[in-house]
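To start, the structure under review is shown below, and the notes come after it.
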Amino acid sequence: MRLILFGPPGVGKGTQAKLLSVRFNIPQISTGDLLREAVAAGTELGKKAKAIMDAGQLVSDEIMIGIIRDVLRSEKCRNGFILDGFPRTVHQAKALSDLLADLHISIDSVINMEINEHEVVQRLGKRLTCRNCGRIYNLDIDKLADPTKCPKCGGELYQREDDKPETVRKRLTVYAESTTPVKDYYQHAGLLRNVNGVGSIDQVNKDIVASLNHR
Ligand code: AMP
């Protein structure tokens, strides 16, 4: 199974990608996580990407396509993958199509998770991420005994720099301008499945699985 999870920041792509990854036993490929790992490791890529990410802008297509090319060619993606956060521009989507054609594989479905802007700003303002295991928590939904510590692994919980309200608004503008056209690209290809991203994690997950069964 080869899937793309598509939708604005804060819709729950990461959360759902993790669940689908366990269910179908295929890796979650989050370009945001890969970049944050590069930032934490202080690599050349991380140094270039940090300021761009903190400003809520997109890292260049050239860099992102290079990253995805390496990952999709790796052994771990042999039996499938879930792309989370890629492609984010039509140029990236076209480059992905070329890359997949070279590898003689194709995308099965693009899940378009829908949510309104107000809900996004609300959610991201309450989002905490574990620096160690990457799990995501919501201050309203997850009753955390200690909001500084991950209940699963004990790692430090932090608010992403780009989850601050001004940056979230910038990310939404970038999404509307650069990323929304990607939806039409996959609509034309007949791959798009729309799913309501507002609801419990479990409900959204059921809706995604149902949409995959109705291919
Ligand atoms: P995410 O964790 O998916 O919200 O990504 C966090 C940030 O990483 C984004 O706001 C961008 O700055 C950068 N990023 C992640 N994926 C991409 C991509 N496909 N193209 C460009 N920038 C990306």
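Just follow the structure's listing: the first ligand is 1, and inside any ligand the first atom is 1. Just so you know, these numbers come straight off a predicted model, no measurement behind them.
Taking every heavy atom of both residues into account, Leu96 and Tyr186 meet most closely at CD2-OH, 3.7 Å.
The backbone N or O of Ile136 sits nowhere less than 3.5 Å from a side-chain atom of Thr129 that would complete a donor-acceptor pair.
Residues forming a side chain to side chain contact (heavy atoms under 4.5 Å, CB included) with Leu34 (at least two apart in sequence, or on another chain): Ile29, Glu37, Ile67, Val71. By the side-chain hydrogen bond (donor to acceptor under 3.5 Å, both in side chains) test, Arg88 pairs with no residue at all, sequence neighbours left out.
The hydrophobic cluster around Leu157 extends to Leu128, Tyr137, Leu139, Leu144, counting ILVMFWY residues whose side-chain heavy atoms fall within less than 4.5 Å of a member.
Within 4.0 Å of ligand 1, contacts by protein heavy atoms are made from Thr31, Gly32, Leu35, Arg36, Met53, Gln57, Leu58, Val59, Met64, Gly85, Phe86, Arg88, Gln92, Arg160, Asp162, Arg171.
For the residue pair Tyr185/Ser97, the side-chain donor-acceptor check at 3.5 Å is satisfied.
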